[in-house]
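Numbered from 1 within each chain, the chains take letters A, B, ... in sequence-line order.
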Amino acid sequence: MKLFDEENELVVQRRKNFQEIIELGFEPFPHKFHRSHTITEIAEQYGHYAGQRSPQELERINRELNRVEVRIAGRMMTQRLMGKAGFAHLSDGDRQLQIYVRSNEVSEREWVLFKKLLDLGDIIGVEGYLFVTKTGELSVHVRQLAFLAKAFLPWPEKWHGLQDVELRHRLRYLDLMVNRHSRQVFVKRSRIIRAIRAFFDQRGYIEVETPMLTPIATGAAARPFKTHHNALDIDLYARIAPELYLKRLVVGGFEKVYELNRNFRNEGLSHRHNPEFTMLEFYQAYSSYEDLMDLTEELLIHVVEDVNGSLEIIYDGRPIHFGRPWRRLTLIEAIITYWPHPASRPSPEELWDSERLTALMKSVECTVDPQAPVGQRLVKLFEHVAESHLIQPTFIIEFPTEASPLAKQSETDPRLVHRFELYVGGLELANAFCELNDPEEQRRRFEEQMQLRQRGDEEAMMMDEDYVRALGYGLPPTAGEGIGIDRLVMILTDQKSIRDVILFPHMRPEA
RNA sequence: GGGCCGUUAGCUCAGUCGGUAGAGCAUCGGGCUUUUAACCCGAGGGUCGGAGGUUCGAUUCCUCCACGGCUCACCA
């Protein structure tokens, strides 16, 4: 894909204009422009002067405003020329402000610059005074005009902006310039992350950083990215989860820790998967997964209120209510509840029967590996029949042990672990459980995973001997949770694709 | 990886039941000293994603390739 052709007439024209700007004596790439205000500051301080008024009232307002001298800078987004005067809008990235330039009130070369040589997208600075036009728009009446930087490449369509999804992702800088909505998504993302940190900081958790490059990739079921350390001559893996390091820290006495950072998984891309994604993980000693359900409700309510102002949002055209308490149902209940054919709705006993389970899965067109452990197949079946129905915040609890090699078993039913996943808008947002802290049992679970791996399950977990040793020193009863931040941002910004909440999503290289 | 869909001017999009294409914005020239989707007059700009095939003739039909979108699989 060829984005911009150097021979394109629009590019040639812009280069020519740039040459003439230099010939007029303007510095081609000035180092600095002193601003008295950002455009956003002017909009906030003087925006209330805008609005239609009677001629007398306008004159009175302008006598006051004309005393406000400003120096502002920004990117020229629009321009309207009318013979010996003209208007333009400058943007500081956030807000826009109109400027008004008259040929007889600026120097001759400044007028030539404004009228003939500036192109949409160029960056300029102006000095002048504020006024309100007769149509009621707050504007700067320009006395001096400075050239600051050239946009050499053509500008997108002014009404529709940049629509092409591929271009919006590859040329994110351009997308951010012309699509205000796109900018707002990432401003909101930043606020969400700030709100999360504030929540944990206020509650006495400490934020930590654990390795991104690790000798074994473990803590989740996924294929890793592999790289090589030259000096040590060893292979390293980009982490797929920080889980085992964070629990080592709980062993070490950090009773409440969190980490908010990137994970890497070498899997397919989809509207909800990017190879690198942002994960919040937190662990707290002397707590159970029940405590974490309460905490998760508090956390997300804090975040939703902070960025949204209310507990109801719209996602994909449907309202979602974050008011407590959120629904809780077990994984088995969810499968039965959302079973698509009421006549053949299975019982819990049927679901736990390996052969019956395979038949049931086939009956609802869920692809099945009959050799896989029953527990793994149950999770797959749950995702197949129930996941897309979980629009309102819902905790799915009690997962099969076989699908949860790091979680502590139920006291009453060893087939199950005390684990939950949180679903909102049909997306899995969080995963949490009581942490397995019996070193012998943990070793046995790792060994089970290694057997699956030998049978060809590339996503089965690798043995981590040092982690078992850490458990050998004693991990207090602990619960931990991971929350997918990109998906949370999707929900709160009403975006259907993870690529729209990641500034530079993974793309194939340009052809 | 499979299925379906898409790729036409810098951008946003029409269109050609097979006879090599249009609009708006943007650009260029002219006019206009409070416009704001400014307006008025005039002009230029396209290997119709790439390669092959069928055909007298392909942007249009077929095949392959590239990139993208949706979806399925994978992501427990």
* To do: Could you check which of B:C11, B:U33, B:C67 has an atom nearest any side-chain atom of A:Arg102?
  => B:U33
* If the C1' atom of B:G18 is compared with that of B:C11, how far apart are they to the nearest Å? -> 30 Å
* Rounded distance in Å - CG (A:Asp175) to C1' (B:C11) -> 13 Å
* OP1 or OP2 of B:C28 sitting under 4.0 Å from any side-chain N/O of A:Gln13? -> yes
* Quiz item: A:Trp159 side-chain donor-acceptor pair to B:A37 base, under 3.5 Å -> yes
* Which part of the nucleic acid, if any, lies within reach of A:Asn104 when heavy atoms closer than 4.0 Å are counted: base, sugar-phosphate only, or nothing? -> base
* Nearest to the side chain of A:Leu120, which nucleotide is it out of B:C70, B:A26, B:A76? -> B:A26
* Whole angstrom is fine here: how far is it from CD in A:Gln163 over to P in B:G10? => 18 Å
* State the pairing partner of B:U20; accept Watson-Crick or G-U wobble contacts with both distances under 3.5 Å, and report none otherwise. => none
* Reckon A:Ser270 has a side-chain N or O less than 4.0 Å from the OP1 or OP2 of B:A73? -> no
* Touch class at under 4.0 angstrom, heavy-atom based, for A:Lys116 against every strand present -> sugar-phosphate
* Does A:Lys408 count as lying over the ring of A:Tyr289, i.e. NZ or CZ under 6.0 Å from the six-ring centre, within 45 degrees of the axis? -> no
* Asked: Counting side-chain heavy atoms from CB outward, which of B:U71, B:A73, B:G68 is closest to A:His271?
  -> B:U71
* Structure fact -> Rounded to whole Å, the CG-P distance (A:Leu138 to B:U34) equals 19 Å
* Using both distances under 3.5 Å as the test, list the Watson-Crick or G-U wobble partner of B:C67, or none. => B:G6
* To do: Using the C1' atoms only, state how far B:U34 lies from B:C39, rounded to an integer number of Å.
  => 14 Å
* Structure fact -> Applying the 3.5 Å cut-off to both distances, the Watson-Crick or G-U partner of B:U54 turns out to be none
* Asked: So what does A:Leu81 hit on the nucleic acid, given a heavy-atom distance under 4.0 Å: a base, only sugar-phosphate, or nothing?
  -> base
* To do: Tell me whether the guanidinium CZ or amine NZ of A:Arg14 lies under 6.0 angstrom from the six-membered ring centre of A:Phe152 and within 45° of its axis.
  => no
* **Short N-O contact, A:Glu267 and A:Arg223, less than 4.0 angstrom** => yes
* To do: Establish whether the base of B:G24 is bridged to the side chain of A:Glu157 by a donor-acceptor pair shorter than 3.5 Å.
  => yes
* Asked: Roughly how many Å is it from CG in A:Asn8 to P in B:C28, rounded to a whole number?
  -> 12 Å
* Give a yes/no answer on whether the side chain of A:Arg377 brings an N or O atom under 4.0 Å of OP1 or OP2 in B:A76. => no
* To do: Would you please name every residue forming a side chain to side chain donor-acceptor pair (under 3.5 Å) with A:Thr38, sequence neighbours left out?
  => none
* Asked: Mapping A:Glu459 and A:Thr133 onto RNA chain B by nearest heavy atom, which one lands closer to the 5' end?
  -> A:Thr133
* Answer yes or no for A:Arg327 and A:Phe395: cation-pi contact, defined as NZ/CZ to six-membered ring centre under 6.0 Å and angle to ring axis within 45°. => no
* A:Arg419, nearest nucleotide to its side chain (from B:A26, B:A76, B:U33) -> B:A76
* Asked: Heavy atoms under 4.0 Å, any strand shown: does A:Glu137 hit a base, just sugar-phosphate, or nothing?
  -> base
* Structure fact -> If pairing means Watson-Crick or G-U wobble with both distances under 3.5 Å, then the partner of B:G1 is B:C72
* To do: Run the ring-centre check on A:Phe382 versus A:Tyr423 and record whether the distance is less than 6.0 Å.
  => yes
* Looking just at side-chain N and O atoms, do A:Ser354 and A:Arg377 make a donor-acceptor pair shorter than 3.5 Å? -> yes
* **Length of the line joining A:Ile396:CD1 and B:A76:P, which is rounded to integer Å** => 17 Å
* Inter-nucleotide P distance (B:G3, B:A9), Å rounded -> 28 Å
* **Donor-acceptor pair present, A:Glu9 side chain and B:G10 base, under 3.5 Å** => no
* To do: Look at all strands and tell whether A:Arg499 reaches a base, only sugar-phosphate, or nothing, counting heavy atoms closer than 4.0 Å.
  => sugar-phosphate
* **Between B:C74 and B:C5 - C1' atom distance, rounded Å** => 22 Å
* How is A:Arg80 classified with respect to the nucleic acid when contacts are heavy atoms under 4.0 Å: base, sugar-phosphate, or nothing? -> base
* Calculate the interatomic distance between A:Gln495 atom CD and B:C70 atom P; express it in whole Å. => 12 Å
* Does A:Arg170 make a side-chain N or O approach to OP1 or OP2 of B:G68 shorter than 4.0 Å? -> yes
* **Shortest non-hydrogen contact from A:Arg53 toward A:Tyr49** => NH1-O, 2.6 Å
* Of all the choices, B:G69, B:A76, B:U34, which nucleotide is nearest to the side chain of A:Met82 once you look at every atom? -> B:U34
* Minimum heavy-atom distance A:Lys115-A:Gly83, with the two atoms named -> NZ-O, 3.2 Å
* To do: Round to the nearest Å and state the distance from A:Leu269 atom CG to B:C70 atom P.
  => 11 Å
* Touch class at under 4.0 angstrom, heavy-atom based, for A:Phe399 against every strand present -> nothing
* To do: Could you work out the separation of B:G6 and B:U16 based on their P atoms and round it to a whole Å?
  => 14 Å
* Once you round it to whole Å, what is the distance between C1' of B:U34 and CZ of A:Phe87? -> 4 Å
* Please determine, for the side chain of A:Asp164, which listed nucleotide (B:G68, B:A76, B:U12) has the closest atom? => B:U12
* If you measure from the C1' atom in B:G46 to the same atom in B:U59, how many Å do you get, rounded? -> 11 Å
* To do: Sticking with atom P, work out how far B:C48 lies from B:U20, rounded to a whole angstrom.
  => 14 Å
* To do: Respond yes when some side-chain nitrogen or oxygen of A:Lys380 is under 4.0 Å from OP1 or OP2 of B:C74, and no when none is.
  => yes
* If you look at every strand shown and take non-hydrogen atoms under 4.0 Å, does A:Lys134 touch a base, only sugar-phosphate, or nothing? -> base
* Looking only at side-chain atoms of A:Glu166, point me to the closest of B:G68, B:A73, B:C11. => B:G68
* In whole angstrom, give me the gap between the P atoms of B:C61 and B:G19. => 11 Å
* Asked: Using a cut-off of 4.0 Å on non-hydrogen atoms, how would the nucleic acid contact of A:Gly161 be classed: base, sugar-phosphate, or nothing?
  -> sugar-phosphate
* To do: By nearest nucleotide on RNA chain B, pick out whichever of A:Lys158 and A:Ala403 is the more 5' one.
  => A:Lys158
